Amino acid sequence: MADSPDPDLDAANRAYTAQQYEVSAKMFQQIIDSRGYSASLCFDLANAEAKAGNPGAAMLNYERARYLAPGDRDIDHNLQLARKAAGLEPNSYRWWEIALRDIDWTVWLAIMGVCLVLLFLAVIGSANVPALAAMTKLPPRLVRNIFRGVLFAGIPLCLLMGYIELMTIGFDNRIEGVIVAPKSATLRLSPFDSADSVGIIPEGELVTVEDRHDNYLRIEARNHHFGWVRDTDLQPVIAGSSR
């Protein structure tokens, strides 16, 4: 069955094709405001913002699209092109980051639960090898080795699942934002307008939000640079999530 026509989306795409990139970006933003965020809409908006010469807004929406679809190669490709054009270092996800972001923490919790159940059964079985060997008609030594194998593999696997679970929760709770201030944002030593500057963060850079004080946000930038920027200089990747 053919998809029903979408006049709003068609109009935004026509504006993009006609090289009316600012108009196209505004239309895509209006669609997002009315329908909510999706990877495809954020990607389209980012492409329009990039063509319109708004690197901060472009990379913000590429990051939003990537957050919603971590393994999408087209999103990552265009994001890296935009970062390169802005003079920023590449920040493609590694395979394990894609896995952590793509798989819900409850899935890892379920896998860990299965591992714990298998370990429990292996402990019970190890204490009842003669009875189980007689029941299954297998040599006791084979039965004992099976349970030992489960314990040998299950304990480190369960510990690994626990570590992955903590990593996943940490990724989910981390608040990231993109610098949208024109050209750059001033990084200050403390959250006051009169505080000394300790550097600048270029427009479009992805940072982690650590804390808030009035209208300042404490951030961690690349290479573990910490400082305070005005909250108007940054937009969170997950809308409404800045502290």
Side-chain angles (χ1 to χ4, degrees), residues 36-40 42-43 62-77 79-80 89-178 206-212 217-226 236-243:
Y37 292 91
S38 71
S40 59
C42 289
F43 183 59
Y62 281 133
E63 292 289 357
R64 286 175 172 171
R66 184 169 67 162
Y67 177 86
L68 295 168
D72 191 297
R73 293 184 178 181
D74 290 335
I75 293 172
D76 184 66
H77 176 74
L79 170 60
Q80 302 315 316
E89 296 179 12
N91 69 345
S92 293
Y93 287 158
R94 299 176 179 86
W95 66 267
W96 56 269
E97 290 178 303
I98 294 174
L100 287 177
R101 291 177 179 269
D102 212 18
I103 301 177
D104 190 79
W105 67 270
T106 56
V107 175
W108 297 114
L109 185 61
I111 295 173
M112 187 170 65
V114 171
C115 290
L116 288 172
V117 170
L118 290 176
L119 287 175
F120 175 76
L121 293 176
V123 171
I124 298 298
S126 297
N128 297 276
V129 169
L132 291 172
M135 184 185 304
T136 59
K137 298 180 180 181
L138 294 173
R141 184 175 181 180
L142 176 60
V143 175
R144 186 177 294 107
N145 286 339
I146 290 173
F147 288 129
R148 285 177 177 174
V150 172
L151 290 171
F152 181 78
I155 291 174
L157 182 60
C158 192
L159 292 173
L160 176 62
M161 289 298 105
Y163 176 74
I164 291 175
E165 176 72 10
L166 292 174
M167 288 285 290
T168 304
I169 293 173
F171 265 73
D172 289 343
N173 291 336
R174 186 168 67 180
I175 298 175
E176 293 181 322
V178 172
L206 181 69
V207 300
T208 301
V209 179
E210 301 284 343
D211 199 3
R212 170 186 281 274
L217 298 171
R218 185 175 188 269
I219 64 165
E220 178 184 1
R222 295 178 69 88
N223 301 320
H224 303 291
H225 289 160
F226 292 88
V237 173
I238 305 175
S241 65
S242 57
R243 297 176 186 273

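Heads up: numbering here begins at 1 and tracks the sequence. Note that the structure is a prediction, hence the values are computed from the model and not measured.
Separating the CE atom in Met135 from the CG atom in Asn128 is a distance of 9.0 Å, to the nearest 0.5 Å. Between Arg66 atom CZ and Phe43 atom CZ the span is 12.5 Å, to the nearest 0.5 Å. Between atom CG of residue Leu79 and atom CG of residue Leu206 there is a gap of 8.5 Å, rounded to the nearest 0.5 Å. Between the OH atom in Tyr62 and the CG atom in Asn91 there is a gap of 13.0 Å [rounded to 0.5 Å]. Here the CG-CZ distance, from Leu119 to Phe147, works out to 12.5 Å after rounding to the nearest 0.5 Å.
Applying the side-chain hydrogen bond (donor to acceptor under 3.5 Å, both in side chains) test to Ser40 and every residue at least two apart in sequence or in another chain returns Ser38. Scored by the side-chain contact (heavy atoms from CB on, under 4.5 Å) test, Leu121 finds Val117 as partners (sequence neighbours excluded). With sequence neighbours excluded, the residues forming a side-chain contact (heavy atoms from CB on, under 4.5 Å) with Phe120 are Ile124, listed by chain and number. Qualifying side-chain contact (heavy atoms from CB on, under 4.5 Å) partners for Phe152, counting only residues two or more places apart in sequence or in other chains: none. With sequence neighbours excluded, no residue forms a salt bridge (charged side-chain N to carboxylate O under 4.0 Å, His left out) with Asp72. For His225, the side-chain contact (heavy atoms from CB on, under 4.5 Å) criterion is met by Ala221, Asn223, not counting sequence neighbours.
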Does the pair Arg144 and Leu142 meet the rule for a side chain to side chain contact (heavy atoms under 4.5 Å, CB included), with working shown? CA-CA 5 Å; Arg144 186 177 294 107; Leu142 176 60; over 6 Å; no
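Between Ile175 and Ile238, every side-chain heavy-atom pair lies at or beyond the 4.5 Å cut-off. When side chains are defined from C-beta on, Ser126 does not count as touching Arg148, because their heavy atoms never get closer than 4.5 Å.
Side chain of Arg64 to main chain of Pro236: a donor-acceptor pair is present (N/O by atom type, distance under 3.5 Å, no hydrogens or angles).
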